[in-house]
Amino acid sequence: MITIKEIARLAGVSAKTAERALSGVTKDKRRDARERADRVRLIAAAHGYQPSEVALALRRGSTRSFGFLVDILTDQFLGAAVETAMDEAGKKDYKVALRLARFDKTQTAEAIKAFLASGMEGIITSCAPEQLPRELMESLAQRKFPFFTLCGRSFWEFSSAAPDYSEALPLAVKNLADRGHKKITLCLFEGKAFDNLVTEKIFRESCAQLQVVPDFRIHNEKKQAAFLANEKLPAVILYGKYSMRIYLDRCRELGFHSDVVGFYNEWTMAAAQTFDLCGIILERAETAVRNAVEQLWEQCSGAPVRHLKTKAVFVPENEFHSLKVADLANQLLFEQP
């Protein structure tokens with residue numbers, strides 16, 4: 001493989017000039033300097049030269065890399081979120097390194113430490129706030145390290161993303177009330193404590209306006225969805241695609257039908273196609289992930305912490321046909337040029 005010294009000789013420049021040209025740190029705006037740099041890059045490309053990523057990072061003083069920590073990849077949302085983050089980061093000439101936590105606090109802490117040791121300039125995670133290691137998070141918060149939680153607000157002052165249900169949830173409640181229901185159950189999942197409080201408030205106010213009795217629940221395990229079905233509740237708004245499957249399977253076993261609204265996004269909608277739902281609260285996941293990368297990138301330049309909200313929409317069952325469903329098992333996430 002050709003060396004940097006050989007490239008410099010062929011380009012008629014010094015080895016230091018060649019290194020600067022290939023590292024992307026050349027700042028001279030003079031025409032002759034630009035021409036030398038272009039000549040170096042053309043010769044390097046012609047010979048298939050690939051500079052060391054470690055060496056480039058040392059010269060730049062920056063790895064131009066973010067860490068993305070997820071629990072699993074065998075999930076439609078998380079797999080698509082990682083791919084989207086990589087796509088968005090690539091637009092800024094950044095890379096995304098991936099690690100798995102598998103819902104384990106110890107593995108979560110080890111992954112974050114590994115990211116820091118590798119020189120990641122920021123970290124995005126979809127792990128629940130309760131899973132994050134307290135002492136390490138407090139240290140990062142004090143340092144104002146760029147950290148972004150996709151699973152809503154955490155106990156620490158980090159940037160975050162969460163769906164805004166202020167318009168969609170009242171419409172979901174009204175849809176069920178218009179069907180004659182006088183009591184509606186909303187069941188959310190533990191792990192989004194701060195945002196669940198906001199959602200509960202929206203729910204209770206919506207029920208009060210329509211003179212409907214609110215029944216608010218928090219689940220911490222998917223299997224609780226089966227117990228919920230055992231209660232044979234007539235109207236349910238249920239969070240979680242896995243919980244929804246368990247809930248509806250149990251309803252079928254019981255021979256019971258209830259009017260159900262589920263929470264989905266453009267990547268998980270395919271999972272709802274076989275479900276008998278009367279409506280969907282649709283989150284804009286792609287927008288949230290792209291905004292997360294943008295915010296993390298801005299924080300690397302000193303931007304303040306921000307809590308981003310992306311408006312969800314309510315889609316009644318008679319409009320399901322208008323939704324563009326992404327069947328990620330059989331198609332690419334993004335259209336290729």
Side-chain angles (χ1 to χ4, degrees), residues 22-25 50-73 75 77-162 285-308 333:
L22 294 174
S23 67
V25 298
Q50 288 292 330
S52 163
E53 290 290 336
V54 174
L56 287 175
L58 288 172
R59 293 190 192 104
R60 287 192 304 251
S62 163
T63 61
R64 301 189 70 83
S65 299
F66 295 140
F68 199 145
L69 177 61
V70 299
D71 283 304
I72 56 175
L73 275 179
D75 174 273
F77 167 74
L78 294 178
V82 168
E83 190 173 340
T84 300
M86 289 179 171
D87 182 68
E88 187 65 23
K91 295 176 182 178
K92 306 179 186 305
D93 196 27
Y94 267 66
K95 299 185 187 308
V96 173
L98 175 67
R99 283 188 176 266
L100 303 182
R102 303 195 183 283
F103 304 101
D104 181 85
K105 286 187 176 182
T106 300
Q107 291 191 53
T108 301
E110 290 175 352
I112 293 173
K113 290 176 182 177
F115 279 147
L116 297 173
S118 300
M120 297 295 107
E121 296 178 28
I123 297 173
I124 301 175
T125 185
S126 61
C127 298
E130 290 83 356
Q131 190 177 318
L132 301 175
R134 182 171 294 276
E135 290 185 8
L136 181 54
M137 292 298 100
E138 288 174 353
S139 172
L140 294 180
Q142 289 175 359
R143 289 167 48 191
K144 298 188 183 302
F145 181 82
F147 195 95
F148 198 103
T149 59
L150 280 172
C151 196
R153 296 185 67 162
S154 67
F155 306 110
W156 306 277
E157 192 60 9
F158 295 128
S159 290
S160 66
E286 182 177 347
T287 298
V289 174
R290 292 191 184 278
N291 287 345
V293 174
E294 177 71 24
Q295 170 63 12
L296 201 63
W297 181 72
E298 290 179 357
Q299 274 192 257
C300 289
S301 300
V305 166
R306 290 179 60 200
H307 303 295
L308 308 177
L333 183 59

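Please read these numbers as outputs of a predicted model, since none were measured by experiment. The analysis underlying the following values was restricted to heavy atoms, covering all of them including side chains, and did not include hydrogens, waters or symmetry mates. Residue numbers count from 1 along this sequence.
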For Thr125 and Val70, what are the C-alpha separation, side-chain angles and deciding distance, and is it a side chain to side chain contact (heavy atoms under 4.5 Å, CB included)?
-> CA-CA 6 Å; Thr125 185; Val70 299; over 6 Å; no
What's the spacing between Leu100 CG and Ile72 CD1 if we round to 0.5 Å?
-> 9.0 Å
Measure the shortest side-chain to side-chain distance between Ile124 and Val96 over non-hydrogen atoms and say whether it is less than 4.5 angstrom.
-> no
Between atom OG of Ser139 and atom CD1 of Ile112, what is the distance when rounded to the nearest 0.5 Å?
-> 11.0 Å
Partners meeting ring pair (Phe, Tyr, Trp, His ring centres under 6.0 Å) with Phe66 (sequence neighbours left out) = Tyr94
Out of curiosity, Lys95 NZ to Arg64 CZ, how far, rounded to the nearest 0.5 Å?
-> 10.0 Å
Side chain proximity check, Cys127 to Leu69, heavy atoms < 4.5 angstrom | yes
Indicate yes or no: at least one non-hydrogen side-chain atom of Met137 is less than 4.5 angstrom from one of Phe158.
-> yes
Would you check if the side chain of Thr108 reaches a backbone N or O of Leu132 as a donor-acceptor pair within less than 3.5 Å?
-> no
Atom pair CD (Gln131) and OG1 (Thr106), whose distance is rounded to the nearest 0.5 Å | 10.0 Å
With the side chain counted from C-beta on, respond yes when Ile123 and Phe145 share a heavy-atom pair under 4.5 Å apart, and no when they do not.
-> yes
Distance-minimising heavy-atom pair for Cys151 and Ser126 | CB-O, 3.7 Å
Heavy-atom closest contact (Ala141 atom, Trp156 atom, distance) = CB-CB, 4.3 Å
Is a side-chain N or O of Ser118 found less than 3.5 angstrom from the main chain of Met120, in a donor-acceptor match?
-> no
Which heavy atom of Ala285 sits nearest a heavy atom of Phe77, and at what distance?
-> CB-CE1, 3.9 Å
Going by the salt bridge (Lys or Arg N to Asp or Glu O under 4.0 Å) test, which pairs reach into residues 126-140, not counting sequence neighbours?
-> none
Taking everything shown except Lys105 itself, do over 12 heavy atoms lie less than 6.0 Å from its NZ?
-> no
Extract all donor-acceptor atom pairs below 3.5 Å that involve side chains of residues 289-308 and protein atoms in other chains or at least two apart in sequence.
unit_1, atom_1, unit_2, atom_2, d
Arg290, NE, Glu286, OE2, 2.9
Arg290, NH1, Asp87, OD2, 2.9
Arg290, NH1, Glu88, OE1, 2.7
Arg290, NH2, Asp87, OD2, 2.9
Arg290, NH2, Glu286, OE2, 3.3
Asn291, ND2, Thr287, O, 3.3
Glu294, OE1, Lys92, NZ, 2.6
Gln295, NE2, Ser159, OG, 3.2
Gln295, NE2, Pro304, O, 2.9
Gln299, OE1, Ser159, OG, 2.7
His307, ND1, Ser160, OG, 2.9
His307, NE2, Arg153, NH2, 3.2
His307, NE2, Glu157, OE2, 3.3

